[in-house]
S.K.: 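Below you'll find the structure I mean.
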Amino acid sequence: MGSPDSHPTFPNMDSRALYVVADHRQGTAAGAGSPQGHNLHYMQVHKSQPGSPSSCSLLEGQVEERCLEQIQSLVVGEVLRDVDTACKMLNISQEPLSWGWLQVQKWLLWIEHMYHLPRVSALFQGLSGRDLCSMSEAQFRQHSAQFGDMLYAHLDIWRSAVAMKAPCAPVDDKPAVESSSADIAGSFPNQPIHLWQFLRDLLLRPHNYSRCIRWLNKEKGIFKIEDSAHVARLWGMRKNRPAMNYDKLSRSIRQYYKKGIIRKPEVSRRLVYQFVNPV
DNA sequence: GAATAGGAGACCT
DNA sequence: AGGTCTCCTATTC
């Protein structure tokens, strides 16, 4: 610790700029008015060049450098958490180079869902992860003039975060408080996941999913599905069932009534369910 | 009209 | 065999 060299860097990125993908998943009121309907934002944090005219004192430069490194660490942690979540939900590997065309399509569908994009996955059909990784930003734009640059940046950040994770010590040094099933699912990427686990994983990540499913009373395990179609689509993506809908998903939930895993709360309300054994 | 409830058969691991 | 998925009818909100 302490040595500036020990801080992570973005190997795949332009050394002068740290691109931060900041989505406004909470509080989208402002973004709702954007003509494209997406709310992905890029922010460039420029490091001042050594000896550049704008550089002030050495101390100021060091403080700025340290600030940037701290921001970078925070961003990497955040990106890694998002990568982890996406991989669990989609049942794909973290390494885009290993993706087949199906995994690429899943990833693109994911980005569509997360950022409310129109269908972009159809524009990248038949491409493997390796194809995607070898494409330039211009090539991304050839596939999608509107969102190519965003997708390129997204993949770049994803790969950079994953690349930095590999040689370093585990990022997640927190005790596993609320991630038992999520970690189990993530540790065995090809292991089938139960619907109740999937729902709980979504509920445990309110930052990402509170708009489609959220706790009404976490202690009692009562939750509400806010966007039934969205939750069903996510479940369908996870299980490779493109025809999944809320009708079928809810039927599967109802199978849990007999098994004592999920039930309707005492006061039954539409789209509200309760885990029999709360987290 | 959408959600709820549950039967029944198919499918997959 | 267990855990859905799919399709279905009937009922409730």
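As the structure is a computational prediction, the values presented were derived from the model and not from experiment. So that the names make sense, note that chain A is the first sequence line, chain B the second, and so on, each numbered from 1.
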S.K.: Nearest heavy atom decides the nucleotide; on that basis, is A:Lys259 or A:Asn245 closer to the 5' end of DNA chain C?
M.R.: A:Lys259
S.K.: Across nucleotides 3-13 of chain B, 5' to 3', mark each nucleotide with B, S or - according to how protein heavy atoms within less than 4.0 Å reach it.
M.R.: SSBBBB-----
S.K.: Distance check: side-chain N/O of A:Lys248 vs OP1/OP2 of C:dC5, anything under 4.0 Å?
M.R.: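 Checking A:Lys248 against C:dC5: no side-chain N or O falls below 4.0 Å of OP1 or OP2.
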S.K.: Please give the angle, rounded to 10 degrees, between the axes at the start and the end of the helix from B:dG1-C:dC13 to B:dT13-C:dA1, where five pairs define each axis.
M.R.: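 Overall, the helix from B:dG1-C:dC13 to B:dT13-C:dA1 bends by 20° from one end axis to the other.
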S.K.: Side chains of A:Asp82 and A:Thr85 only: does a donor on one sit below 3.5 Å from an acceptor on the other?
M.R.: no
S.K.: In whole angstrom, give the distance that lies between atom CG of A:Leu195 and atom C1' of C:dT4.
M.R.: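 Rounded to whole Å, this separation is 9 Å.
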S.K.: Once you measure the plane-to-plane angle for A:Phe140 and A:Phe124, does it fall in the parallel (<30°), tilted (30-60°) or perpendicular (>60°) bin?
M.R.: tilted
S.K.: Are A:Trp99 and A:Trp158 near enough that their ring centres are under 6.0 Å apart?
M.R.: yes
S.K.: Looking at A:Arg211 and A:Glu226, is there a salt bridge between them, counting it only when a charged N and a carboxylate O are closer than 4.0 Å?
M.R.: no
S.K.: Relative to the ring of A:Tyr273, is the ring of A:Tyr257 parallel (under 30°), tilted (30 to 60°) or perpendicular (over 60°)?
M.R.: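 Correct class here is tilted.
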S.K.: Less than 4.0 angstrom between a side-chain N/O of A:Lys239 and OP1 or OP2 of C:dG3, yes or no?
M.R.: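 No, A:Lys239 has no side-chain N/O under 4.0 Å of OP1/OP2 on C:dG3.
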S.K.: Kindly indicate, with the supporting measurements, whether the criterion salt bridge (Lys or Arg N to Asp or Glu O under 4.0 Å) is fulfilled by A:Asp247 and A:Arg251.
M.R.: CA-CA 6 Å; A:Asp247 183 41; A:Arg251 181 71 192 94; over 6 Å; no
S.K.: Once you apply a heavy-atom cut-off of 4.0 Å, does A:Phe198 come out as touching a base, just sugar-phosphate, or nothing?
M.R.: nothing
S.K.: How many Å lie between CD1 on A:Ile261 and P on C:dG2, as a whole number?
M.R.: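 A:Ile261 atom CD1 is separated from C:dG2 atom P by 13 Å.
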S.K.: Can you tell me if the side-chain N/O atoms of A:Trp235 get under 4.0 Å from OP1 or OP2 in C:dT4?
M.R.: no
S.K.: Do A:Tyr209 and A:Leu234 have side chains that approach each other closer than 4.5 Å (heavy atoms only, starting at C-beta)?
M.R.: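 Yes - at least one pair of side-chain heavy atoms lies under 4.5 Å apart.
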S.K.: Rounded to the nearest Å, what distance is computed from the CG atom of residue A:Leu249 to the P atom of nucleotide C:dC7?
M.R.: 15 Å
S.K.: Salt bridge or not for A:Arg205 and A:Asp201, using N-O below 4.0 Å?
M.R.: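 No, no charged N to carboxylate O under 4.0 Å.
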S.K.: Compute the ring centroids of A:Phe198 and A:Trp235, then answer whether they are less than 6.0 Å apart.
M.R.: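 Centroid separation for A:Phe198 and A:Trp235: below 6.0 Å.
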